[in-house]
Amino acid sequence: MLGARDMKFLRDLWRLKTQYAAIAMVLACGVAMTVMAFSALNALSEAREAYYAETRFADVFVNLRRAPMRAARPLAAIDGVATVDVRIEEAGLVDIPGRARPATGRLVSLTDGDSLNRVLLTEGRRPDPDRPTEAIALESFLEANDMRLGTTLNVLVRGRLLPLRIVGAGRSPEYVLAAEPGSLVPDPSAYAVFWVDEKALAAASDLEDSFNSAALTLTAAADPPAVQAAVKRELAPYGVTDAILRADQPSHAYLEAEFEQLFTIGLVLPPIFLLVAGFLVQSVLARQFETERTQIGLMKAFGFTNAEVGAHYARHAAATGTLGLVSGVFFGLWLASAIMGLYAEFYRLPDVAFALSWPAIGGATLAVAIAVAIGVWRPLARVVAIPPAVAMSPPAPAVYRRGLLDRLGLATVLDALSQIVLRTLERWPARAAMTAFGLALALASLVATVFFFDSIDRMVARAFFEANRWQMSVTLAEPQPLRALAPITALPGVIAAEGTRTVAAEISAGAKSKRIGLIGLPQEAVLTVPLDPSGEPMGLPANGVIISTGLAKRLGVEPGERVRLSVLERSRPQVTLRVGALSEELTGLTAFIGLEELSRLMGEPPLVSTLNLLVAEDRRDGLYALLKRTPLVVGVEDRDQAVTAFTEELAEGIFVTMFFYVGFAAAIAFGVAYNTARIALSERSRDLASLRVLGFTTGETAYVLLAELGLLTLAALPVGAILGYWGAAYFSSAFSTEFYSVPLVVSSQTYGISVAVVVVTVALSALVVAWRIRRLDLVGVLKTRE
Amino acid sequence: MAEASAEARTGTGPAFRVEGLTKVYGMGEVAVHALRGVDLEIPTGELVFILGTSGSGKSTLVNILGGLDRATEGRVFFRDLELTAASDRALTFYRRDSVGFIFQMYNLMPSLTARENVALVTEIDRDAMRPEEALAIVGLEDRLNHFPAQLSGGEQQRVAIARAIAKQPEVLLCDEPTGALDSKTGIRVLEAINKVNVELSTTVVVISHNADMAAIGDRTLFMSDGRIVNETRNARRQAPSSLAW
Ligand SMILES: Nc1ncnc2c1ncn2[C@@H]1O[C@H](COP(=O)(O)OP(=O)(O)OP(=O)(O)O)[C@@H](O)[C@H]1O
Ligand SMILES: [Mg+2]
């Protein structure tokens, strides 16, 4: 049986339904974003763990030049090592039938039994040990190139052509994200991994009875850095270049960085929505209490307690909060399941099962409760303060005073309608400020997300056109003197060639250290130029090192301070150098020194490991054909192809996300604008109807209602733009990973689009409300007192 | 006084002509017949009182005369303008150009001062008085810059009258203008209304519950159950100051 108060509650709820729905929508967006981000994160993490366990993903990864099989035994004896697995890994240049540009390839020996880093066969079969040319290929590579099982590919290994027949497609935890070292984003079509029979690969790479790669798992009690050091010690005689922990394994680290971004999204954005929703709850309820002062006084006069009256009104907020929460959870789960497929494909994780994140739902519930409580607290305090006596006295007209407007002499200049607008703003400055702030937040969240497109543009411009001006970059199997490269530089179509040398190195300052690629640049280099933070090319400092700003931040060093460089190749020299300057590197962790200085350091004549080329456009394909047959070459990167891959891969992910954010930000703008206009309408319906009675047209009457919203929107724009810039600054630093830095650029176009979205949304909600002016009850309003 | 309105006042035709006016609220079972066939003519420059029991249809009739409400059946003319056939926009401009309203609830804009409340309508009318002039007629020349919240009920009502007469409307429609006021203040309000009728020859319709008050008018209409059931004519109009209630 519903009591009279329940009836009133339900009627009021129904009357205010659109306003509460708008608030619930904003709440739902915040909740949905949280639920989506954490559910997705949960599912991905679980899928990754299951995948790692199933394939026995290693904890330590070791690369060396060549070691005899017996050298593996002492590794197993190291304290903390659980399992040791050795294998052969070899680089190769892959000729793809029907395509000029070769792909970078990696051949990995296939050990059977319970080895580590196992390949999951998704199609076909494992190679027959008696047929040495059979191989399993990385699934993503086959798919990206539309290749079927049974295809035979020619792979250039150590100067010899090795034909490989693809008999299976597979996935591996080591190559969840398959990317050439140093490339910006994964380009699956240009990166191949082949698992081939161990004996066949040993024969092809002259590593019979030897290994050049090892993988280790650790016991629970192991001290990873100690194991790392011990492994390096044991394998030192065999030219160990690297012993990295899982955290530094490229594929794993890339996934980690992506997961971190998801986490940031789930944590940072929703509070904005909840804040706005709280503010909306407050304004709607405050307005309702204001109109119901007499009724509230009457209820108290009848003997209802403050708690009973308060509870009656708190139910509105609770109902709205519940609606927002429930619809947000469902919307979020729907988004999560939609986006999960996308992620599963992007990250190539098998069996991404939808996993509900209870902590996320719990957190969202708590956050909604807090938002609603914030919204309801002040209005409720006012309900308590209303004395029963107000029921007996008629409502006095709202008290206005001559304000700033009059002191400035504006009152006499403006027409009466404009005065109504300005005086109302002046009368409730806090409310006006809140509305403007809400709209500013909507604009800010747009600017802070749309700017990613500017960022990508800048990344492309910097990475592919300003810092790297080559069109083709050829990676050599072994460092060579420049003289020895005549067969390449003299190829038809090569306009200019410039050699650089990259060595793996560890850079450290104090206790902090980082693995980097140390690049030796010739003094007169023009195809690769470090850029200073403002984007200007800069020369190499005499006997100093240029490091990226990201690296400098990580190491905590400034220009002029000293860093220690330990080369991890060949004679493994070490040197302490001054940081000459900081460069704005978008990709990876790199440092530049002079090529001469690097050679001196290595104790070698000038050698180059990469050859950057400018090529004649019409000779490009011919050039590829020749490069594929040049024994020295293990990889070719093509600028145009890289740009396309970068924008497609990265932008695709970003577009989807961006689509959501623009929608979410528009939801905020709509929620704020609609509620503001709606509140203004109901608060002043009497005045507005009076204006209509006096002969003002609907348009003139709407002006009184909407000019205020227009002014507040105008005021919100600069504030929102500034907040948006800060937001962009925050995201650019939060989303910068070791692999790429997200530059902070906000173009006027971004501001323009964001402002347009906000203005259009406000205009739409204004229109919806203005439409109601036509239906104002002119006669009814004259009969009642309020 | 402006020439144009003087000419309109002396026009021979009636200000309002009402034929078979019916107003039904709602439909079917819950239909309420507020007016059941009203025929009426109000000559230009007349001061008419409408009396009648509560719910007899007085407000409904006046609201239709003022272009605030629509008839269900019948025809209503203001001079040559057929209100019952006019568009919403035409009605808006009819109210804007020709009608002044005074209600029991004063319906002032709380955010505007007394002068600004009057200026609100004079700004959109070509041959309006100055707001100060209109406020002087109702004796509020020294309260120009007060907001409604700073005025008494009677003063607020007089601002509403000033607002209604400032644009020198051809008709002034008053729905219980003294309803919320004490007798002394009510008389001041009636004096203002009377003055407008006498000095500007404005056609005035006043709804009242007070039969004595009707003594200051030319004619009194009695309504009951949606019809005009009786009417009386005063040989001589009394001065408002002679009233007491
Ligand atoms: N919006 C409406 N819906 C339904 N019925 C209505 C509406 N407005 C008025 N009525 C009915 O129409 C009839 C006439 O109402 P009206 O307001 O004209 O009376 P009145 O003579 O002015 O009364 P009072 O002296 O009390 O003001 C009444 O019975 C009233 O209940
Ligand atoms: Mg009435």
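All values below were derived from every heavy atom in this structure, side-chain atoms included, with hydrogens, water molecules and symmetry-related copies excluded. Every value quoted in this text rests on a predicted model; they were computed, and no experiment measured them.
- Between A/Ala416 and B/Leu112 the shortest heavy-atom distance is O-CD2, 3.8 Å.
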Original post:
Which is it for A/Arg423 and B/Met109 under the side chain to side chain contact (heavy atoms under 4.5 Å, CB included) test, yes or no, and what are the steps along the way?
Top reply: CA-CA 11 Å; A/Arg423 288 235 175 85; B/Met109 296 291 132; over 6 Å; no
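- For the pair A/Gln419 (side chain) and B/Glu116 (backbone), a donor-acceptor distance under 3.5 Å is absent.
- A/Leu694 approaches B/Lys167 most closely through the heavy-atom pair O-NZ, 3.8 Å.
- Residues passing the side chain to side chain contact (heavy atoms under 4.5 Å, CB included) test with B/Thr92, sequence neighbours excluded: A/Arg692, A/Thr697, B/Arg95.
- Other residues, nucleotides and ligands contribute at most 12 non-hydrogen atoms within 6.0 Å of the CD atom of B/Glu73.
- Looking only at heavy-atom pairs under 4.5 Å with chain A, the residue among B/Asp69, B/Leu108, B/Thr60, B/Asp175 that has the most is B/Asp69.
- With a 6.0 Å radius and a threshold of 12 heavy atoms from other residues, nucleotides or ligands, B/Phe78 has its CZ atom above the threshold.
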